[in-house]
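Worksheet: the structure to be examined is printed underneath.
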Amino acid sequence: MVLAALYLTCLVVGFLVGVTGVGGILIPPALILLSGLGTHTAMGTALASFLPLSLVGTWLYHRLGHLDPAKAVPYVLGGLITAGPGALLNAHVPGGPLILLLALLVIFAGFCAFRPPRVGAGGNLFWQGRSGVFLIGAVTGLLAGLTGAGGPVLSIPWMVVAGFPPVAAVALSMPYQAATALSGTVGNWSGGHVDFSLLPMLCLLEVAGFFGGVAVVRRIPAWLLRRIIGVLCSALGVFLLVRQLMS
């Protein structure tokens with residue numbers, strides 16, 4: 001029953017990622033609660049499970065015409081450079097402060113997503129340029145490697161606030177997630193923090209749920225998708241914060 005609950009969570013996470021690009025943050029706490037893995041191994045295994053999901057997502061969103069290569073390249077490069085060092089740093093930071101930090105960041109990201117984007121206003125011109133998306137990728141890539149939750153939980157709200165259409169932000173998160181998952185997994189694997197016995201089933205169920213989410217997302221208006229991202233991030237952040245403070 002415990003493993004069934006874990007597998008159901010992976011299916012739901014895949015669906016949420018297909019709809020909003022966000023949802024991977026549920027995997028580390030699910031692994032901690034339902035598999036008995038320690039905090040660092042749960043985070044490392046969760047990050048590794050995102051690699052097949054993000055590769056499938058990259059192919060699918062590119063095929064649908066939502067992926068802009070000119071924006072994707074600097075975004076991916078930023079995440080690729082920093083996720084590995086973040087994963088190595090993970091092994092030297094206690095699990096409690098990691099979860100607390102992530103919870104606060106995700107709550108902040110969720111509230112930011114509720115703000116209507118102001119395309120072309122002030123700083124938004126910077127964030128929509130190559131230097132801006134590179135910086136978004138680098139900062140959130142470091143946090144992805146450090147926490148195992150995946151960078152899109154922070155980068156998607158950030159990009160929405162900067163004025164990117166929500167579907168474009170979700171599409172860009174796919175190759176970015178592949179880069180951060182690959183780089184971070186190398187760092188976690190070198191530290192012995194990936195459970196390869198659970199990994200295949202986690203990957204399979206996340207991909208299956210993802211296809212269901214993508215089928216739904218094309219029927220959701222951009223304004224509603226932005227609010228879904230905000231609600232999801234805020235709720236997940238509060239859940240992690242309360243859980244950590246009560247533990």
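Numbering of residues begins at 1 and proceeds along the displayed sequence.
Hydrophobic clustering places I156 together with F210 (ILVMFWY residues linked when any side-chain heavy atoms are closer than 4.5 Å, directly or through intermediates). Both V56 and L64 are part of a single hydrophobic cluster, where members link through side-chain heavy atoms under 4.5 Å apart. When hydrophobic clusters are built by joining Ile, Leu, Val, Met, Phe, Trp and Tyr residues whose side-chain heavy atoms come closer than 4.5 Å, directly or via intermediates, V13 is grouped together with Y7. Note on L47: it clusters hydrophobically with L16, by side-chain heavy-atom contacts below 4.5 Å among ILVMFWY residues. In the hydrophobic clustering of this structure, L182 does not group with L89; members are Ile, Leu, Val, Met, Phe, Trp, Tyr whose side-chain heavy atoms approach within less than 4.5 Å, directly or through other members.
The shortest heavy-atom contact between P200 and S197 is CD-O, 3.9 Å. In terms of heavy atoms, M174 sits closest to T58 at C-OG1, 3.2 Å. A pairwise comparison of heavy atoms in A171 and Y61 identifies CB-CD2, 3.6 Å as the closest pair. The shortest heavy-atom contact between V194 and W189 is CG2-N, 3.9 Å. In terms of heavy atoms, I27 sits closest to A46 at CG2-CB, 3.4 Å. Of all non-hydrogen atoms in S190 and L88, the two that sit nearest each other are OG-CD2, 3.7 Å.
Between the CG atom of L6 and the CG atom of L31 there is a distance of 5.5 Å, given to the nearest 0.5 Å. Note: L51 CG to S183 OG = 11.5 Å, rounded to the nearest 0.5 Å. Here the CZ-CD1 distance, from F164 to I136, works out to 6.0 Å after rounding to the nearest 0.5 Å. The CD atom of Q177 sits 10.0 Å away from the CG atom of L55 when rounded to the nearest 0.5 Å. Separating the OG1 atom in T41 from the CE atom in M43 is a distance of 11.0 Å, to the nearest 0.5 Å.
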Using residues 201-209 as the side-chain source, report each donor-acceptor pair under 3.5 Å to any protein atom, sequence neighbours left out, with the distance given to one decimal.
{"unit_1": "E206", "atom_1": "OE1", "unit_2": "S49", "atom_2": "OG", "d": "3.4"}
{"unit_1": "E206", "atom_1": "OE2", "unit_2": "S49", "atom_2": "OG", "d": "2.9"}

Name each donor-acceptor pair under 3.5 Å that joins a side chain in residues 71-81 to protein atoms two or more places apart or in another chain, with its distance.
{"unit_1": "Y75", "atom_1": "OH", "unit_2": "S155", "atom_2": "OG", "d": "2.6"}

Intermediate values then yes/no, side-chain contact (heavy atoms from CB on, under 4.5 Å), L3 and L198: CA-CA 10 Å; L3 276 180; L198 283 174; 4.2 Å; yes

Working for side-chain contact (heavy atoms from CB on, under 4.5 Å), residues L241 and L100: CA-CA 6 Å; L241 181 61; L100 188 60; 3.3 Å; yes

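S54 contributes a side-chain N or O that, together with a main-chain N or O of F50, makes up a donor-acceptor pair within less than 3.5 Å. Of the possible polar contacts, one joining the T45 side chain to the D195 backbone as a donor-acceptor pair under 3.5 Å is found.
Other residues, nucleotides and ligands contribute only 12 or fewer heavy atoms inside 6.0 Å of the NE2 atom of H62.
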